[in-house]
Amino acid sequence: MNVGRLYNYYHYLFLVHCRCRSYSRHLRYGNFVDNIRLYVRGGSGGMGLPRLGGFGGNGGDIWVVAKKDITLKQIKDKHPNKRFTAGVGSNSSIHALRGAKGEDSQVFAPVGISVTTDDGRILGELNCEGDNLLVAKGGHGGSLHSGFLPSKGQTRQIRLDLKLIADLGLVGFPNAGKSSLLTALSHAKPRIASYPFTTLRPEIGKVMYDDHKQVSVADLPGLIEGAHVNKGMGHKFLKHVERTKQLMFVVDICGFQLASNTPFRSAFETVLLLNKELELYNEELLGKPAILVINKMDLPEAQGRLRELETHLENQEESSHLFPEDVIPKSLMRFTHVVPVSATTGLGLPLLKSLIRQSLEEQNIIETDGQRSERLLKLRREIPTSSIPSWGFSQPT
């Protein structure tokens with residue numbers, strides 16, 4: 001075989017290898033894209049006109065705008081080069097002494113993203129449809145102050161990081177039955193199997209109610225011990241937990257063991273470990289309202305183990321001292337409800353659906369009252385005391 005043929009042969013093998021790796025990654029992570037890096041550049045300003053004192057137009061700005069039914073994958077597919085530039089400002093002329101502003105550019109993005117710079121500085125968050133954020137400002141047009149020379153637009157690399165994905169996030173170790181529970185509660189069809197790691201990307205399901213109310217529930221990749229230091233799916237999982245309104249711990253009543261060389265964890269120990277992983281990643285997560293779901297209640301030994309778990313939960317402080325120190329969190333999570341269910345038989349699911357809605361509605365009322373009080377306090381601070389009328393009271397002389 002001559003050198004040319006040998007080169008072509010090895011080049012072919014290399015391409016096959018690359019395609020196999022790419023296909024493997026596709027199978028492993030699916031089509032879900034949860035963050036994307038973009039290059040953005042504001043438009044340059046237009047030239048001024050020295051002899052007539054004309055002003056050049058400012059360059060266009062670049063905005064990130066929240067819009068429903070948009071995904072980060074759609075942005076990636078539609079803009080493969082991931083570059084966004086705004087329009088250049090018009091030059092000043094004898095026909096238009098003030099040049100027109102360059103055209104703005106909009107990057108439509110999903111609701112529930114944070115926008116950061118490459119060095120991790122947060123530029124802002126888009127939590128509602130229509131929210132917008134200026135990410136690259138256009139340059140100034142030429143004027144007397146700049147010697148009629150324009151300036152360039154702002155240039156930067158930004159990251160869009162999807163975090164807000166659901167009203168409720170399922171938190172649990174692998175094989176706790178989260179995917180089965182999501183299937184039983186909603187119309188989602190997550191992958192279900194007898195081995196632990198079946199969820200490798202978030203699956204979103206909609207829980208439907210008779211009055212057409214919908215609640216979104218996210219089945220997230222299963223945690224493992226050490227997730228807070230990025231073991232397993234680690235931070236990829238935990239960052240999504242940050243932006244669900246509430247949490248739902250899903251625990252196997254019979255306990256959990258990841259592998260033969262790892263320790264067996266009872267149901268209560270599992271609750272403590274999940275609590276600790278969230279705490280070590282971000283203590284603020286423990287302030288979220290949370291429901292504890294005890295799954296697999298159809299198993300023969302479930303009732304006895306449930307009584308044992310309930311005893312531990314009623315006396316969390318005392319019971320936690322029975323376990324190794326590396327398992328015990330500093331702050332113990334308080335659950336709004338503890339619900340035994342079986343995702344397989346449907347036991348307890350109607351009650352769980354009712355409690356999910358009740359918990360979310362109670363949270364909405366609290367948040368609405370808090371926002372109303374905050375607006376009122378702000379209004380009071382803005383109104384000068386001297387402008388408040390004093391009807392019915394004598395004025396000091």
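Positions are given from 1, in the same order as the sequence printed here.
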Any donor-acceptor pair under 3.5 Å from [X] side chain to [Y] backbone:
X	Y	value
Asn295	Ala176	yes
Tyr209	Lys353	yes
Ser92	Gly99	no
Asp161	Ser114	no
Thr244	Leu247	no

I need the minimum non-hydrogen distance between [X] and [Y], along with the two atoms involved.
X	Y	answer
Asp252	Ala267	O-CB, 3.7 Å
Ser146	Gly141	OG-O, 4.3 Å
Met333	Leu285	CE-O, 3.8 Å

Checklist entry - Can Gln358 and His337 be said to form a side chain to side chain contact (heavy atoms under 4.5 Å, CB included), step by step? => result CA-CA 11 Å; Gln358 177 186 324; His337 305 284; 4.1 Å; yes
Checklist entry - salt bridge (Lys or Arg N to Asp or Glu O under 4.0 Å) with Arg156: which residues, sequence neighbours excluded? => result none
Checklist entry - Are any non-hydrogen side-chain atoms of Ser186 and Val217 less than 4.5 angstrom apart? => result no
Next on the checklist: Any heavy-atom pair between the side chains of Lys288 and Lys245 that's under 4.5 Å?
Outcome noted: no
Could you give the distance from [atom1] ([X]) to [atom2] ([Y]), rounded to the nearest 0.5 Å?
X	Y	atom1	atom2	value
Asp298	Thr345	CG	OG1	5.0 Å
Leu160	Lys76	CG	NZ	13.0 Å
Lys178	Met248	NZ	CE	12.5 Å
Lys296	Leu306	NZ	CG	15.5 Å
Asn364	Asp167	CG	CG	8.0 Å
Asp61	Gln106	CG	CD	11.0 Å

Next on the checklist: Could you walk me through whether Phe268 and Gln316 satisfy the side chain to side chain contact (heavy atoms under 4.5 Å, CB included) test, starting with their C-alpha distance in whole Å, then the side-chain angles of each, then the deciding distance to 0.1 Å, before giving a yes or no?
Outcome noted: CA-CA 9 Å; Phe268 181 64; Gln316 283 195 55; 4.3 Å; yes
Checklist entry - Does any pair with a residue in residues 93-139 pass ring-ring contact (aromatic ring centres under 6.0 Å, His included), and if so which ones, sequence neighbours excluded? => result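 Qualifying pairs: none.
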Checklist entry - Does the distance from a Lys or Arg side-chain N to an Asp or Glu carboxylate O, for Arg334 and Glu317, drop under 4.0 Å? => result yes
Next on the checklist: Does either side chain, that of Ser359 or that of Gln246, offer a donor lying less than 3.5 Å from an acceptor on the other one?
Outcome noted: yes
